[in-house]
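Proteins come first, then strands; the chains are lettered A, B, ... in the order of their sequence lines, and each starts at number 1. Bear in mind that the values here come from a model prediction, so they are computed numbers and not experimental data. The analysis underlying the following values was restricted to heavy atoms, covering all of them including side chains, and did not include hydrogens, waters or symmetry mates.
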Protein chains: 2
Amino acid sequence: MRQIIEERTGSYSRHASVPDMHGAYLRVAAHVTVLHEGDTARRIMEVVEGAMMLTKLLPDGRRQVVELLGPGDVFGLAACDVYACSAETLTTAVITTHDRGALDRDPALASRLLRRFETQLCAMHSHALVLGRMSALERVAFFLLRLMPESVVGGTLHLAMTRQEIADFLGLTLETVSRAFSELKRRGLVALLRADEVQINDRNSMRRLAGAA
Amino acid sequence: MRQIIEERTGSYSRHASVPDMHGAYLRVAAHVTVLHEGDTARRIMEVVEGAMMLTKLLPDGRRQVVELLGPGDVFGLAACDVYACSAETLTTAVITTHDRGALDRDPALASRLLRRFETQLCAMHSHALVLGRMSALERVAFFLLRLMPESVVGGTLHLAMTRQEIADFLGLTLETVSRAFSELKRRGLVALLRADEVQINDRNSMRRLAGAA
DNA sequence: CTCCCCGACTGATCTGGATCAATCTTAGAG
DNA sequence: CTCTAAGATTGATCCAGATCAGTCGGGGAG
């Protein structure tokens, strides 16, 4: 069995940095910032369990959630020598890290990460279409479909994000996201059991709104 | 020397597909669609020379240019088994293709593509911030800085894109892009020698507008 | 149980960029 | 050279979503 290092909530403040564990698994509480945009990029990381988000900030505080990550997704990337994004857990999460040098030494790792990068790059392409060309209602429909796998039919989706976080992901304001949820409910496409518990009732209409995504 | 297969303009219609050349180099004229979103994904491609753009379409015709590519950049990606984007040359270009299976067999190739994917993924993260949170003027400033490398000081940048293509890249309309160019000119940050020939006069102000990018 | 507080919702108003509608400019054709 | 057509610019108006301003609701502390 693989080693799992448990880190309790209290041992990480919201802005703590991750200790330099090599190859080990690391359990992190929800709402912890694991990486900071602009810090020196030493390691590449993978989500093993849980959900995370990558964010970028403008100098004046405007924020964009650039990517949502689930198990298998890779983060800690850098175009130059510093991290391009901050990374924050949405739920309790387990992550692994790899030395950047290991990419050349370990072909199996490189091959696996390559495949994952391809998936994530395609997801970013879709997201560019969402951010650049879709209306508010379409964006929220797209968001919900993306989070709700086909398989789950009657099930309810638990949102681990606030309206503000969803807004920062979709390039909207929290008020607009809230109105979009209400409008989808009014049209009978979704049901809101609680603010963070959504049920998709009319998948076809949702798909049509989201551009057959 | 590597083999270069020259393809003349006339031999490709705007919507022709690329013949199945393995590992060879292929010269393609400007404004040729090399890949079509939704086609079966057989090969992974690399830009050797020239500039290209990747686009995605919504069913109703809205278009997003999701990525701009230069030498070294990779395209022809697929999340499932079909291409996620169409790929079109902006200038005359030289491209290579690799069999998708070669990624496992050739660690050097995998390692090189991995590095490039990382760069492109970071570029997409920046672009998400641009599309989600920046004003029209900021977007255009960011776009021009990105295209104009630091080194070139007094030089002029030749835009290989129409206002419509720039608009589709930045999530705006062509009118708004045109107005942004005029505003940057009015403020003295750029000079427009011709519609497609730009000079950056005040790099610092541009950088401030673009969010210190 | 009540109280408190944070997040969600909703209404009223404002505005940046979209849309609609002419020109203007400039390669390229003849 | 002139003529033409495609792209760029500019102006007028409109509207989706931002902003501002409360109110609502539900889960945790006491």
Exercise for the section: Specify whether Phe117(A) and Phe117(B) have parallel, tilted or perpendicular ring planes, treating 30° as the upper limit for parallel and 60° as the lower limit for perpendicular. Expected result: tilted
Problem - Flag side-chain contact, heavy atom, 4.5 Å: Met52(B) against Met45(B) - result: no
Exercise for the section: Flag the pair Arg42(A) / Thr97(A) as yes when at least one side-chain heavy-atom distance between them is below 4.5 Å, and no otherwise. Expected result: no
Fill in the blank from the handout: Overall bend of the helix from dC1(C)-dG30(D) to dG30(C)-dC1(D) (five pairs an end, 10° steps) is 40°
Handout entry: Test side-chain contact (heavy atoms from CB on, under 4.5 Å) applied to Met134(A) and Leu170(A), step by step
Key = CA-CA 10 Å; Met134(A) 283 188 172; Leu170(A) 297 177; over 6 Å; no
Problem - The single option from Glu67(A), Gln64(A), Lys56(A) passing side chain to side chain donor-acceptor pair (under 3.5 Å) against His125(B) - result: Glu67(A)
Practice task
Look at all strands and tell whether Thr173(A) reaches a base, only sugar-phosphate, or nothing, counting heavy atoms closer than 4.0 Å.
Solution key: base
Practice task
Keeping the roles fixed (side chain from Glu37(A), backbone from Leu57(A)), state whether a donor-acceptor pair exists under 3.5 Å.
Solution key: yes
Handout entry: Segment of DNA chain D, first to last nucleotide, that comes within the 4.0 Å heavy-atom reach of chain B
Key = dA8(D) to dA12(D)
Handout entry: CA sep, side-chain torsions, deciding dist, call: Leu189(B), Leu209(B), side-chain contact (heavy atoms from CB on, under 4.5 Å)
Key = CA-CA 10 Å; Leu189(B) 305 200; Leu209(B) 258 183; 4.0 Å; yes
Completion exercise
Of Arg179(A) and Arg194(A), the one whose nearest nucleotide on DNA chain D sits closer to the 5' end is Arg179(A)
Completion exercise
Given the options Val140(B), Leu184(B), Asn201(B), Met206(B) meets side-chain contact (heavy atoms from CB on, under 4.5 Å) only with Leu184(B)
Exercise for the section: Decide yes or no for Arg187(B) and Glu183(B): does some side-chain heavy atom of the first lie under 4.5 Å from some side-chain heavy atom of the second? Expected result: yes
Problem - Atom of Cys122(A), atom of Ala79(B) and distance for their closest heavy-atom approach - result: SG-N, 3.5 Å
Exercise for the section: Tell me what Leu174(A) touches on the nucleic acid: a base, only sugar-phosphate, or nothing, going by heavy atoms under 4.0 Å. Expected result: nothing
Completion exercise
Per nearest nucleotide of DNA chain C, the residue lying toward the 5' end, Ala195(A) or Arg133(A), is Ala195(A)
Practice task
Check every nucleotide of DNA chain C for an atom under 4.0 Å from a heavy-atom of chain A, then give the first and the last such nucleotide from 5' to 3'.
Solution key: dA8(C) to dA12(C)
